[in-house]
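In what follows, chains carry the letters A, B, and so on, assigned in the order in which the sequence lines appear, proteins first and then strands, with residues in each chain numbered from 1. Please read these numbers as outputs of a predicted model, since none were measured by experiment.
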Amino acid sequence: MANGSYEGSFQLEFEKPLVQLEKQIAELERHEDAAGDFASEIKKLRASYSTLLKKTYAKLTPWQTVQVARHPGRPQSIDYIRTFVKDFAELHGDRRYGDDPAIITGFGRIGPYKCMVVAHNKGKETKEKIACHFGCAHPEGYRKAMAKMKLAEKFGLPIVTFIDTPGAYPGIGAEERGQAEAIAYNLREMAKLKVPVVCVVIGEGGSGGALGIGVGDRIAMLQYAWYSVISPEGCAAILWKTGEKASAAAEQLHLTAKENLKLGIVDEVIDEPLGGAHRDLSATAEQVEKWIVQSLRELNRYKVDNLVKRRYDKFRALGQTAAS
Amino acid sequence: MSQVPGRSWQEVVDMQQEKSGVPEGLWMRCSACEAMVYRKQVAMNLWVCPECDHHYRIDARQRITQLCDPDSFEPKWTDITPTDPLKFEDLKPYKQRLKDESSKVDHPDAILAGTGYIKGRRIVLAALDPNFMMGSMGSVVGEVLTCAIEHARERDWPLIIVSCSGGARMQESALSLMQMAKTSAALARLDDDGGLFISVLTDPTTGGVTASFAMLGDVIIAEPKALIGFAGPRVIANTVRQELPPGFQRAEFLVEKGFVDRIVERRNLRSEISRIIDYAGK
């Protein structure tokens, strides 16, 4: 398929029939010149492919959505940075302990705006994935994020964060170096940053690890991203006493973009191309960029005091109707 | 042995009798040192084992009684009650769970907060309650805490929060998660205005509670041997596939690593808090 640039060897269970059709079409296309005219056959297959794609994605369950959010071919922060962040100048290190590759930070331009970009990084190749702990940041990652956000504040640059993490890393070193304190500090300090902060949950919004760079003036979620207090597996293991109930947990956690929009956790859902972001990076990136630019344009109109007050009020209101 | 100020031991025993999680009877076996101890003696000792100094978990009411000057505590925000915004259902519907848990405490959720005095010093005090869904933070806990923080800021009174919690409450999903941001944002304002926040960590303080308000105290004190951390020890052991070092995530470990200011035994909490207020309060 023209857009089938995602990792071909991996397939989601519910996408198997789709991948099967993709293969058939590719096969026919390959033999077209040599063995004759398959044009009508290909056309037919294409039609049934697009029908099936529509049908499959029209009724994704929450658990299937989580799987799409975790698809190895799903665009990561670095893909969006490469696609639309111009003149990206990466900045390393937390000036305290080290440089956590699970968080990327740096200057860059998005549309007409000079920004500070702060993003989770899952890694592409195995070695990089391991170094990034598959997108699970350590305290030094959160401290690096805050150091660069304060740098942005000092020079009046808006902050754009890309959220994509299964959660903050649960390890010995992480605890020793104050994972909880690092996240807590970010929550407090982000609440009072004197520059616009926009956040996009592009894949996984895993609990405190996501929120640690997620306190913003405008928050969006990609259509097939998830955002929740705990992963469905973690929730199932605790409440159902078995990780196999992840699908039920995913449903109960209301973790989809649509549900989070309803709850007021996010301000907007950014639609993905048919069949998910992993089928078309550039189309997805275009939508994400558009939303960021538009949000920054709106936020630029606010005076600093008003901006910070509105951010406070936004979070202050959350859960008020759930506690009455 | 120190007594709860202004209370007879009988009152204290009665208050705690059914909530301590230790079996009924005149005598009880200490869950830490396994010594047989006289229940009344344990109660008079603020629910600390007289043999081994093990600090038992106590509920919010008991905590507040221990900390405040007699009859000085005025509960507030008790009209904020939990709903079931997601209609959450695991092995038991959340609604049912809320109902079952509410019979274990005399306040609507996992928190009791209000105003009072500690050794004559005016304070705003909130205590999380392990007897209600393991002190987990959902919308009610987040809202009451935020009200308490805002109240402390408006009145310019020192704020004391005693944490005892498993973390954010799963049954309210992202709404629970956002309580971390909400309480932290409220603390940002208190901090900007120069307000004093003393965070008291007790066994256990984990997850989203640690990763928000609990770690944001101007002064952070912890009870001896309290479990304090971000991830639970079991999750960590499963992730790193190695044995955890002895004393890992205990209060003493956090002091060693630089994340807790002081370890204070329960019997000294009142005087230690007073002392800090005298240095840093207004």
Side-chain angles (χ1 to χ4, degrees), chain A residues 136 167-172 174-192 205 207-208 210-212 214-215 227-230 234-236 238-241 245 248-249 252-255 259-260 263-266 311-312 315-324, chain B residues 80-86 88-91 109 138-140 142-144 146 168-182 184-189 191-192 206-208 210-216 228-232 235-236 239-240 242 244-245 248-249 253 257-259:
Chain A
C136 299
Y169 190 71
I172 294 172
E175 295 290 324
E176 285 177 339
R177 300 196 289 279
Q179 187 71 285
E181 191 274 345
I183 292 171
Y185 184 76
N186 280 18
L187 302 185
R188 186 179 77 183
E189 296 304 306
M190 282 190 89
K192 55 184 187 184
S207 196
L211 189 61
V215 180
Y227 196 7
S228 155
V229 70
I230 188 169
C235 179
I238 297 170
L239 292 181
W240 279 265
K241 323 279 179 214
K245 287 284 183 184
Q252 295 298 316
L253 284 169
H254 289 61
L255 45 63
E259 294 290 346
N260 275 301
L263 290 170
I265 309 293
V266 300
R311 193 184 307 144
Y312 185 83
F315 283 91
R316 181 68 188 84
L318 286 173
Q320 263 179 337
T321 47
S324 55
Chain B
I80 301 172
T81 54
T83 62
D84 176 15
L86 306 183
F88 196 100
E89 187 169 343
D90 49 271
L91 298 177
D109 202 287
S139 298
V140 172
E143 183 64 24
V144 170
T146 307
R169 188 174 298 168
M170 288 175 283
Q171 288 86 349
E172 294 181 30
S173 197
L175 286 171
S176 300
L177 184 66
M178 293 305 143
Q179 304 311 307
M180 295 168 62
K182 182 162 100 181
S184 302
L187 285 171
R189 287 186 162 188
D191 185 45
D192 279 349
T206 57
T210 323
S212 60
F213 62 88
M215 272 293 156
L216 294 174
I228 303 159
F230 174 66
V235 174
I236 296 172
T239 307
V240 300
Q242 70 183 81
L244 303 175
F248 183 63
Q249 292 185 315
F253 173 89
K257 299 299 170 195
F259 291 100

Which bit of A:Leu263 comes within less than 4.5 Å of chain B, counting heavy atoms only: side chain, backbone, both or neither?
both
B:Asp109 portion near chain A, given a 4.5 angstrom heavy-atom threshold
neither
Heavy-atom proximity to chain A below 4.5 Å, by part of B:Phe259
side chain
Against chain B, label A:Leu211 side chain, backbone, both or neither, depending on which of its atoms sit under 4.5 Å from a heavy atom there.
side chain
For the pair B:Phe253 and B:Phe248, name the ring-plane relationship: parallel under 30°, tilted 30 to 60°, perpendicular over 60°.
perpendicular
Of the listed B:Gly142, B:Ala186, B:Ser176, B:Gly229, the one with the largest count of heavy-atom pairs under 4.5 Å with chain A is B:Ala186
Sort B:Ala214 into side chain, backbone, both or neither according to what part of it lies under 4.5 angstrom from a heavy atom of chain A.
neither
Contact part of A:Leu255 toward chain B, heavy-atom cut-off under 4.5 Å: side chain, backbone, both or neither?
neither
To the nearest 0.5 Å, how far apart are CD in A:Glu259 and CG in B:Leu86?
8.0 Å
Per-residue contact mode, B:Gln179 against chain A (heavy atom under 4.5 angstrom)
side chain
Pairs of heavy atoms under 4.5 Å with chain B: top-ranked of A:Ala249, A:Cys235, A:Ala236, A:Gly264
A:Cys235
Most heavy-atom pairs under 4.5 Å with chain B, out of A:Lys192, A:Glu175, A:Glu181, belong to A:Glu175
May I ask you to name which of B:Arg169, B:Met180, B:Arg189 has the most heavy-atom pairs under 4.5 Å with chain A?
B:Arg189
Under 4.5 Å from any heavy atom of chain B - which part of A:Ala168:
both
Chain B contact via A:Arg311 - which portion, at a heavy-atom distance below 4.5 Å
neither
Among the options B:Gln242, B:Lys182, B:Met215, pick out the one with the most heavy-atom pairs lying under 4.5 Å from chain A.
B:Lys182
Where on B:Phe213 is there a heavy atom nearer than 4.5 Å to chain A: the side chain, the backbone, both, or neither?
neither
